[in-house]
Amino acid sequence: MATLDQKSPNVLLQSLCCRITGKSEAEVAHQFQYAVRVIGSNYAPTIERDEFLVSEKIKKELLKQRREADAALFSELHRKLQTQSVLKHRWSVLYLLLSLSEDPRKPSSRVGNYGALFAQALPRDAHSTPFYCTRPQSLALGYGERSAGLSASVGTSGISSLAFSDESAAGGGQPLGSRLAWTLPVSCSPSSALALPATRPLLGPPVPSTRVVRPRRDGEVSEAALVRDILYVFQGIDGKFIKMSAQDNCYKIDSKVVLCKSLRDTSSRLAELGWLHNKVRKYTDARSLDRAFGLVGQSFCASLHQELKEYYRLLSVLHSQLQVEDEQGVNVCTESSLTLRRLLVWMYDPKVRLKTLAALVDFCQGRKGGELASAVHSYGKTGDPHMRALVQHILSLVSHPILNFLYRWIYDGELEDTYHEFFVASDPNVKTDRLWHDKYSLRKSMIPSFITMDQARKVLLIGKSINFLHQVCHDRTPPAKITPASKSADTPKDAAELLSDLEGAFQEKIDAAYFDTSKYLLDVLNRNYLLLEHLQAMRRYLLLGQGDFIRHLMDLLKPELVRPATTLYQHNLTGILETAVRATNAQFDNAEILKRLDVRLLEVSPGDTGWDVFSLDYHVDGPIATVFTRECMGHYLRVFNFLWRAKRMEYTLTDIWKGQMCNAKLLKTMPELSGVLHQCHILASEMVHFIHQMQYYITFEVLECSWDELWNKVQQAQDLDHIIAAHDVFLDTIISRCLLDNNSRSLLNQLRAIFDQIIEFQSAQDSLYRSALEELTLRLQYEEKKRQREGEWGVTAEQEAEEKKRIQEFKETIPKMRSQLRILTHFYQSIVQQFLVLLMTNSDESLRFLSFRLDFNEHYRAREPRLRASLGASRGRRLSNI
C-alpha cells in the first residue's frame, strides 16, 4: 500500500477503516474488503421509491403508537416540505427517518451481519443502458484479494429487473456484467461456500447448507460439462451434447447422452435462451446491411445490438468464472461454483428480455419507418413496468430519425426522406401552381401511433407553408425568422425526453411552429397579394354584389346582347365594360382588381343571342390561384350565368311593366283591347311576384347569409387550409341552394322553362302593342282627315268602307291574341305549379319556405291537387318535428 498514492481512494478508504475500528492496517483487512464492496455496489432498498407511500407509512406508524397529534404535525410539515424546492431527494430523507425510527430491540428483517446482507441478491439493474461505467481502476485489487473477503458474503443472485432507478438514469450504475463479475465467488473453501436456494432468501442470519451431492451413474455427463455446453448455446453455438434441431427448430440434448431427468429438463429450459438469441441475431444480421430498411430500421437494429451487447457482457462474466474454476480445479458439486440451478436463476431476467425482443422482432416483421415506430410503441402498452421500460428505451432510439425528419421539415421545410420513412410524402412531378394542393400529402400508414392525426396535419401544414412561401410567394425570409427553432432531438436521450412528454413540450413545439408559420403566410397573402380584396371582388362582380355597376352594364349592353351571338366581338364588349366601370362606384376599386376584370364569351349554340353567351371573367394567378383554383372559377362562372339570367328576367319584367304603364292611357280609346290588356297585366303581375321572390331568396337567403359565414370563417382562420375549406364550403352552398347541383337538376329545368316563358311573354306583348299602336295610329289619322274636311263632303263612302273593313279585320285578330295569351298563361302556371310541387318535396327547409312565399295566397294550390297533398304532408312533418 505504501507504493500507492497517499490520496488514492483505496488508501483513504483503508485509513478510514483504521480510524473507525481503532485497529492497524493488517487487522482491518476484512473490514476494508467489505467497504470496497459496499462502495463498488449499487445496493438499494427493495421498496418502491415513492415519497407518498413512505410518508403514509410514517403516519401509520405514528397512529399505531397512538400519537395522533404527531401524525397531524408530520402531515403538515410534509406538506410544507413539498412546496419547497430546497430538497431534491425528499424520498431518501423520509426513508432515512423511517429507518431510524424503528426500534432496534424489535425483531425485524434487518441485516444481521455483512454476510447475510450480501447473501440476498445482486443489486437491481436499471436497464441495459448504453452509459457503461467500469469499476474504478484505482482500487488495485486482484481477483484473489477480492475473493478472500467476498466469498463469505456471496449467495444467490437474480439478474436485474428493467425498472429505471435514479442511479442508472444518471449513468452512475455499473452494468450488469461488471457487477456480476464483482460479486461472483471463486473460493471453493467450505468456509466461504453458501447454499444456492431456488428463491431469494429472506433477510437474516445465513442458513448453513445441507445440500446432498447426488452420486453420478456410469457414463453420465457431469453437470460442469453441461454448464459449459449451455454457455455456448447461450451464444447460438452448438455444444458437445446440446445441438440445434433443424426439424423441431429448437435446441435438444442428444438422446444418447446419459442424463438424469432434472438436469435434462433444466438444460432444456436454459437452452431456450439460445433459440431466442438466434431469433434476434438473425433479424439484426439480415437487416443491418439492408439500406432499403432506412434510418428508422437501422436504429431499431442498433437498439437490438445494444441489448445483445449487454447480454454478451453477462456471458463473458460467466465464461470468466468458469475459466477460473477450471484453473483452480473447483469441483462442480461445491456450492460456490456455477451450476445449472444458479444459471437458471441468474438468467431469468435476461430470458425475459430476450423473449420481449424476440416477440418485438416478430411483431415488426415487414415494417419500416413510422410504421415500425408505431409497432414498437404499441408493444410498449403493457402493465409490466420492466417490459415497458425496455420498449421505451428501444423506442427512443427508433424514433430519433423520425424526430430529426420532423424538425428539419417544420423548421427548414426540407424533406430528405430517401427511403420513404417519414409520414410526409412529396411528389416531384407536381407543378408549382398545384404545390399547396397536390405536392405534399400524408402517408397515413407511416404516422407513428404516438403522434396524433391533428399533430400530423399541423406538421404537414408547417413545412408546406414554408415551401409555399419560398416557391410560390417568392418570399426570401429565412425560416428562422418566421419561427425560432427550438432544441432538436440531437440524441436518443433527447428523443426519449420528448416521447415522455408528448402532450406537453412536444405539442408546444408543434403548436408554436404552426401558429407562427401560418400567421406569417396569411400576412404575406393579405399584405402583398391582397387575398381578402380579391375575395370581395368576386362577391361584387361575379356574384353581382355591385348593384349600380351591374344595372348600368345591362343598360349599356342591351343593344349588343339582343343581337345574335355570332355577331358579337369581345373587344366591343370590353370597351362597354370599361365605360360601366368609369361611370359607377366600381372606379374607386384597386387598380390591381380592376385590371383582372374582363369579358368572356361562352361557347355559341345555334339560335343563341348575346344574352346567352355573355359572362364576366376574373383572372387569377400566382399565390391567389391557390384559393381561386380552376374548379372554383368554374363554379363562379356557373353561378354568374344563373344570376345573370335571373337579373335579365328582372330587367325584362321592368321593360314589360314600363310598356304597360306607357301604353295604358293611349289604348283607352280602343275598348275592344281591354280584356286582352287586362290579361297581360295579370300575367305580368304573376311573373313579377315570382321573380321578386326568387331574387329575394337568391340575394338574401343564399348569397348574403353564405357570404357572412364565409367572411367570419376567413377572419378566424388560423391557416391557409382553413380559408380554402371555408371558400369551398361557400361555393358548394350557393351551388346547391341556387339549384345548380345534380340533385336539383329537375328544379333548375323548371326554373329555366319559367324564364323562357317570361321571354316569350315579352315577345307576345311587344307584338300586341305593336299591332295595337299601328291600328291606333291609323284611326287617329282617319279622324284627323275627317276633321280637316269638316263642312264639306268629308270622306267618301269608299274610304269609310275601307276604314270599317280594316277595323273589323283588327277586331278579328283580338281573339287570336287572347287565345295566345291564354295558352301562354296556362303553360306558365302549369310550370310554376310543377316547380312548387318540387319545392315542397325538397329536403332543404329554405326551399320549402320559398314555396310558401311564391304561393302566399294559395292561388296555385287551388288549381293543383298534387300541391295540396304536398303542402299537407310538409305541414304534417313540421308539426311532428315540433
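Only heavy atoms go into these numbers, but all of them, side chains included; no hydrogens, no water, no symmetry mates. All values reported here derive from a predicted model rather than from experimental measurement.
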Atom CG in N467, atom CG in L415: separation rounded to 0.5 Å?
-> 8.5 Å
Starting from the C-alpha separation in whole Å, work towards a yes-or-no answer on side-chain contact (heavy atoms from CB on, under 4.5 Å) for L573 and L557.
-> CA-CA 8 Å; L573 301 178; L557 286 174; 3.7 Å; yes
Under-4.0 Å salt bridge between R863 and E858 | no
Step through it carefully: locate the ring centre of W644, locate the ring centre of F614, and say whether they are under 6.0 Å apart.
-> yes
Under 6.0 Å from the NE2 atom of H437, do we count more than 12 heavy atoms belonging to anything else shown?
-> yes
Are the side chains of L720 and F468 in touch, meaning some heavy atoms are under 4.5 Å apart?
-> yes
Decide side chain to side chain donor-acceptor pair (under 3.5 Å) for S763 and D766; before the verdict, give the C-alpha distance in whole Å, the side-chain angles of both, and the deciding distance to 0.1 Å.
-> CA-CA 5 Å; S763 301; D766 289 346; 5.9 Å; no
Taking atom CG of L703 and atom CG of L643, what is their separation to the nearest 0.5 Å?
-> 5.5 Å
Are the side chain of N526 and the backbone N or O of L522 linked by a donor-acceptor pair below 3.5 Å?
-> yes
Could you walk me through whether D516 and K481 pass salt bridge (Lys or Arg N to Asp or Glu O under 4.0 Å), step by step?
-> CA-CA 10 Å; D516 292 343; K481 290 188 177 180; over 6 Å; no
How many angstroms lie between atom CZ of R737 and atom CD1 of I735, to the nearest 0.5 angstrom?
-> 13.5 Å
Would you find more than 12 non-hydrogen atoms of other residues, nucleotides or ligands less than 6.0 Å from R600 atom CZ?
-> no
For N663 and G659, indicate whether the former's side chain and the latter's backbone hold a donor-acceptor pair under 3.5 Å.
-> yes
In terms of heavy-atom contacts, does CZ of R630 have more than 12 from other residues, nucleotides or ligands at under 6.0 Å?
-> no
Side chain proximity check, D855 to N857, heavy atoms < 4.5 angstrom | yes
Let me see the working for T825 and Q757 under side-chain contact (heavy atoms from CB on, under 4.5 Å), right down to the final yes or no.
-> CA-CA 9 Å; T825 302; Q757 291 303 306; over 6 Å; no
Kindly indicate, with the supporting measurements, whether the criterion side chain to side chain donor-acceptor pair (under 3.5 Å) is fulfilled by H619 and D598.
-> CA-CA 8 Å; H619 299 292; D598 198 4; 3.2 Å; yes
For N585, side-chain contact (heavy atoms from CB on, under 4.5 Å) partners two or more places apart = Q546, D548, F588
When rounded to the nearest 0.5 angstrom, what distance separates CG in D721 from OG1 in T626?
-> 10.5 Å
Could you tell me how the ring of F730 sits relative to the ring of W707: parallel (under 30°), tilted (30 to 60°) or perpendicular (over 60°)?
-> perpendicular
Return yes when atom CD of Q693 has more than 12 non-hydrogen atoms of other residues, nucleotides or ligands closer than 6.0 Å, and no otherwise.
-> yes
Anything under 30° is parallel, anything over 60° is perpendicular, the rest tilted; go ahead and classify F700 against Y696.
-> tilted
Distance (rounded to the nearest 0.5 Å) between Y541 OH and L616 CG = 10.0 Å
Determine, for K713 against E709, whether the closest basic-nitrogen to carboxylate-oxygen distance falls under 4.0 angstrom.
-> no
With sequence neighbours left out, write down each residue that passes side-chain contact (heavy atoms from CB on, under 4.5 Å) with D427, or none if nothing qualifies.
-> N429, V430
Start with the C-alpha gap between D511 and Q507, add the side-chain angles, then the distance that decides, and say whether side chain to side chain donor-acceptor pair (under 3.5 Å) holds.
-> CA-CA 6 Å; D511 287 344; Q507 182 70 42; 2.9 Å; yes
Is a side-chain donor or acceptor of T452 paired with a backbone partner of Q455 at a separation under 3.5 angstrom?
-> yes
Do R848 side-chain atoms and N842 backbone N/O form a donor-acceptor pair below 3.5 Å?
-> yes
Determine whether D655 and Y651 make a side-chain contact, defined as any pair of heavy atoms from C-beta on separated by less than 4.5 Å.
-> yes
Side-chain heavy-atom pair L768, L677 within 4.5 angstrom cut-off | yes
Please determine which of D589, L597, L544 meets the side-chain contact (heavy atoms from CB on, under 4.5 Å) test together with F549.
-> L597
Smallest heavy-atom separation, T483 atom then I410 atom, equals CG2-O, 4.5 Å
For the pair D523 and K519, find out whether any cationic side-chain nitrogen is under 4.0 Å from an anionic carboxylate oxygen.
-> yes
For E631, what residues pass the side-chain contact (heavy atoms from CB on, under 4.5 Å) criterion, not counting sequence neighbours?
-> R434, T629
Starting from the C-alpha separation in whole Å, work towards a yes-or-no answer on salt bridge (Lys or Arg N to Asp or Glu O under 4.0 Å) for R853 and E701.
-> CA-CA 13 Å; R853 291 198 299 272; E701 294 192 14; 3.0 Å; yes
Let me know which of N590, D621, D617 forms a side-chain hydrogen bond (donor to acceptor under 3.5 Å, both in side chains) with R596.
-> D621
Got M633 and Y636 here, is their nearest side-chain heavy-atom distance under 4.5 Å?
-> yes
For the side chain of T567 and the backbone of P564, is there at least one donor-acceptor N/O pair under 3.5 Å apart?
-> yes
Non-hydrogen side-chain atoms of L824 and Q820 separated by less than 4.5 Å = no
Does T652 use its side chain to pair, donor to acceptor, with the backbone of R648 at less than 3.5 Å?
-> yes
Are side-chain N/O atoms of N749 and S746 paired as donor and acceptor at under 3.5 Å?
-> no
Backbone N or O of L838 within a donor-acceptor pair of the T841 side chain at under 3.5 Å?
-> yes
Could you walk me through whether R540 and E533 pass the salt bridge (Lys or Arg N to Asp or Glu O under 4.0 Å) test, one step at a time?
-> CA-CA 10 Å; R540 288 198 301 270; E533 285 78 356; over 6 Å; no
With the side chain counted from C-beta on, respond yes when K444 and F423 share a heavy-atom pair under 4.5 Å apart, and no when they do not.
-> no
R539 CZ to E704 CD distance, which is reported to the nearest 0.5 Å = 4.5 Å
Just by modelled atom types, is the C473 backbone N or O under 3.5 Å from a matching donor or acceptor in the Y529 side chain?
-> yes
Taking C-beta and beyond as the side chain, do F628 and L535 meet within less than 4.5 Å on heavy atoms?
-> yes
If you draw the axis of the six-membered ring of Y514, does the NZ or CZ of K458 fall within 45° of it and under 6.0 Å from the ring centre?
-> yes
Should the heavy atoms of other residues, nucleotides or ligands under 6.0 Å from CH2 of W711 be counted, would the total exceed 12?
-> yes
Is it true that F835 and F690 have ring centroids separated by less than 6.0 Å?
-> yes
Y828 and Q833: CA distance, side-chain angles, deciding distance, side chain to side chain donor-acceptor pair (under 3.5 Å) verdict | CA-CA 9 Å; Y828 169 78; Q833 289 165 11; over 6 Å; no
Counting distance only, does the side-chain N/O of D412 pair as donor-acceptor with the main-chain N or O of E414 below 3.5 Å?
-> no
Q765 side chain to Q762 main-chain N or O, any donor-acceptor pair under 3.5 Å?
-> no
Of the non-hydrogen atoms in I466 and P479, which two are nearest, and what is the gap between them?
-> CG2-CG, 4.3 Å
